[in-house]
Amino acid sequence: MSTETLTACPVCGSGQLRNFITCKDYLVSHTDFNIQECTQCSFRFTNPRPDQQSIGRFYKSEQYVSHNDESKGLINFLYRTVRQYTLKGKVNLIHELNKGTGSILDIGCGTGSFLEACQHSGWTIQGIEPDADARSVAAARLNSRVGESLQQLDSTQKFDVITMWHVLEHVAELDQVAARLKQLLKPEGTLIIAVPNNASADAVYYKEYWAAYDVPRHLHHFTPATIKQLMAKHALILKEQRPMYFDSFYIAMLSTKYRDGRTNLIESFWQGLKSNRAARKSGNYSSVIYIFRH
């Protein structure tokens with residue numbers, strides 16, 4: 001495995017970094033990876049990390065459910081069951097924010113479930129998915145070409161809505177992607193980004209076993225403050241944030257499995273409930289949907 005080491009914070013550029021926590025990759029390699037923290041802005045990121053030539057193999061697991069519709073096991077069954085409900089919520093959200101249908105770009109579209117729901121609701125769709133296997137499934141499902149990268153899109157293309165559902169944490173070059181998002185968004189358009197929140201109560205409780213650290217696939221680990229700071233650099237202004245209530249339960253189930261070797265459903269439900277309850281005051285839900293505009 002070839003690695004790269006960052007010497008400056010990807011958000012504020014400070015070189016003042018310290019070790020925050022060491023986590024294991026429970027999905028593929030079972031090796032340890034360090035997460036560092038910027039002492040200036042508190043942004044956390046996996047460092048060192050696999051380079052772009054090496055990162056692909058860390059996604060090759062039957063348990064990586066967003067790239068595989070056939071994953072087995074209780075947790076994956078529950079994930080897909082809840083996904084049918086949350087897909088409706090996502091489509092309702094983009095309808096609400098856009099005040100009707102329009103054009104949508106979904107970056108990291110996986111096997112295309114969300115774009116399929118958008119397509120059925122009357123949206124003009126475009127998907128981007130770097131994983132070849134997932135991209136092939138999505139293209140067949142949507143009967144539409146799915147791009148491999150943002151660079152393949154024509155610079156004149158503009159979208160009413162751009163979505164990244166649990167994708168930005170995987171992106172290596174944050175500033176380049178943020179600048180491209182701004183370029184692709186219509187002047188009155190809406191950018192929707194959902195990412196895990198390592199300031200949540202479940203993250204604090206599970207520590208190095210918190211499944212949403214998901215090293216080394218998750219290169220960056222956001223909080224509301226750090227994602228707001230990143231996007232503000234590119235004149236993308238945070239207008240609103242909304243909770244993803246189910247994520248605390250799903251992440252707790254995976255976290256107990258990583259810690260104990262098996263899922264503790266009772267503890268997972270209780271810790272998910274406690275995390276959501278604490279977030280009513282703090283806003284620090286396990287995962288957060290951030291809504292940005294120019």
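For reference, positions follow the sequence shown, starting with 1. This structure is a prediction, so every number in the text was calculated from the model and none was measured.
- Counting all heavy atoms, side chain and backbone alike, Ser121 lies closest to Thr101 at O-CG2, 3.4 Å.
- Applying the side chain to side chain donor-acceptor pair (under 3.5 Å) test to Glu37 and every residue at least two apart in sequence or in another chain returns Arg18, Arg44.
- More than 12 heavy-atom neighbours from other residues, nucleotides or ligands sit within 6.0 angstrom of CG on Asp154.
- The hydrophobic cluster around Ile266 extends to none of the other residues, as no ILVMFWY side-chain heavy atom falls under 4.5 Å of it.
- Within the 4.5 Å cutoff, the side chain of Lys186 has heavy atoms near those of the Ser103 side chain.
- Between Asp131 and Lys60, at least one side-chain N (NZ, or NE/NH1/NH2) sits under 4.0 Å from a carboxylate O, which counts as a salt bridge.
- Looking only at side-chain heavy atoms (C-beta outward), Ser54 and Thr3 stay at 4.5 Å or farther from each other.
- Annotation: side chain of Ile289 is in contact with side chain of Trp165 (closest heavy-atom distance under 4.5 Å).
- No path of Ile, Leu, Val, Met, Phe, Trp and Tyr side chains, each step under 4.5 Å between heavy atoms, connects Met244 with Phe246, placing them in separate hydrophobic clusters.
- Closest heavy-atom contact between Asp175 and Pro10: OD2-O, 3.8 Å.
- When side chains are defined from C-beta on, Ile94 counts as touching Cys118, because their heavy atoms get closer than 4.5 Å.
- Using a 4.5 Å cut-off on side-chain heavy atoms (C-beta onward), Thr5 and Asn47 make contact.
- Grouping Ile, Leu, Val, Met, Phe, Trp and Tyr residues whose side-chain heavy atoms lie under 4.5 Å apart, directly or via other members, places Leu273 in a hydrophobic cluster with Phe249, Phe269, Trp270.
- Closest approach of Ala199 to Thr223, counting heavy atoms only: CB-CG2, 3.9 Å.
- Tracing side-chain contacts under 4.5 Å through hydrophobic residues (I, L, V, M, F, W, Y), one reaches Met1 starting from Tyr59; they form part of the same cluster.
- For Asn198 (side chain) and Phe222 (main-chain N/O), a donor-acceptor pair under 3.5 Å exists by modelled atom type.
- Defined by atom type and a distance below 3.5 Å, a donor-acceptor pair is present between the side-chain atoms of His221 and Thr46.
- More than 12 heavy atoms of other shown residues, nucleotides or ligands fall within 6.0 angstrom of atom NZ in Lys158.
- Distance CG/Asp247 to CG/Asn276: 9.0 Å, rounded to 0.5 Å.
- A heavy-atom distance below 4.5 Å is not found between the side chains of Lys88 and Val91.
- Defined by atom type and a distance below 3.5 Å, a donor-acceptor pair is missing between the side-chain atoms of Asp25 and Thr31.
- Leu17 approaches Cys38 most closely through the heavy-atom pair CD2-CA, 4.0 Å.
- In terms of heavy-atom proximity, Phe114 sits nearest to Lys90 at CE1-CB, 3.6 Å.
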Exercise for the section: Before giving the answer on side-chain contact (heavy atoms from CB on, under 4.5 Å), spell out for Glu208 and Thr22 the whole-Å C-alpha distance, their side-chain angles and the decisive distance to 0.1 Å. Expected result: CA-CA 6 Å; Glu208 70 269 26; Thr22 300; over 6 Å; no
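- Using bins of under 30°, 30° to 60° and over 60° for the plane-to-plane angle, the ring pair Phe58/Phe33 lands in the perpendicular bin.
- Heavy-atom contacts from other residues, nucleotides or ligands closer than 6.0 Å to CD of Gln16 number 12 or fewer.
- Atom CG in Leu115 sits 4.5 Å away from atom CG in Asp106 (nearest 0.5 Å).
- In the hydrophobic clustering of this structure, Met231 does not group with Val161; members are Ile, Leu, Val, Met, Phe, Trp, Tyr whose side-chain heavy atoms approach within less than 4.5 Å, directly or through other members.
- Counting heavy-atom neighbours within 6.0 Å of Lys233 NZ, excluding the residue itself, gives a total above 12.
- Heavy atoms only, all atoms of each residue included: His234 and Ala178 are closest at CD2-CB, 3.4 Å.
- In this structure, OH on Tyr285 lies 12.0 Å from OG on Ser200, to the nearest 0.5 angstrom.
- Remark: Ser282 OG to Asn197 CG distance equals 8.0 Å, nearest 0.5 Å.
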Practice task
Determine, stepwise, if the pair Leu97 / Arg293 fulfils side-chain contact (heavy atoms from CB on, under 4.5 Å).
Solution key: CA-CA 11 Å; Leu97 294 172; Arg293 290 195 171 95; 4.0 Å; yes
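- At least one donor-acceptor pair closer than 3.5 Å links the side chain of Arg217 to the backbone N or O of Val215.
- A 4.5 Å side-chain heavy-atom check between Pro224 and Tyr290 finds at least one atom pair inside the cut-off.
- Between Tyr258 and Tyr26, the angle of the ring planes stays under 30°, which puts this pair in the parallel group of the 30/60° scheme.
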Exercise for the section: Show your working on side-chain contact (heavy atoms from CB on, under 4.5 Å) between Ile128 and Leu153 and close with a plain yes or no. Expected result: CA-CA 9 Å; Ile128 297 291; Leu153 295 178; 4.2 Å; yes
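- Between Lys99 and Glu188 there is no salt bridge, since none of the side-chain N atoms of the basic residue sits less than 4.0 Å from a carboxylate O of the acidic one.
- Asp133 and Ser136 form no side-chain donor-acceptor contact under 3.5 Å, judged by distance and modelled atom types alone.
- A side chain to side chain donor-acceptor pair (under 3.5 Å) with Asp202 is found for one member of Ser286, Ser248, Ser287 and no other, namely Ser286.
- Gln119 contributes a side-chain N or O that, together with a main-chain N or O of Leu142, makes up a donor-acceptor pair within less than 3.5 Å.
- Under the 4.0 Å criterion applied to side-chain N and carboxylate O atoms, Arg141 and Glu129 are not assigned as salt-bridge partners.
- Ser268 places a side-chain N or O within donor-acceptor distance of the main-chain N or O of Asn264, the cut-off being under 3.5 Å.
- Between His220 and Phe45, the two ring planes are tilted [angle within 30° to 60°].
- Taking SG of Cys23 as the reference point, atom CG of Asp32 lies at 8.5 Å (rounded to 0.5 Å).
- Going from atom CG of Leu150 over to atom CD1 of Ile107 covers 4.5 Å, rounded to the nearest 0.5 Å.
- Counting heavy atoms from C-beta outward, Gln40 and Cys12 have side chains that approach closer than 4.5 Å.
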Practice task
Dump the intermediate steps for side-chain contact (heavy atoms from CB on, under 4.5 Å) on Val288 and Ile227, then the final yes or no.
Solution key: CA-CA 11 Å; Val288 179; Ile227 194 169; over 6 Å; no
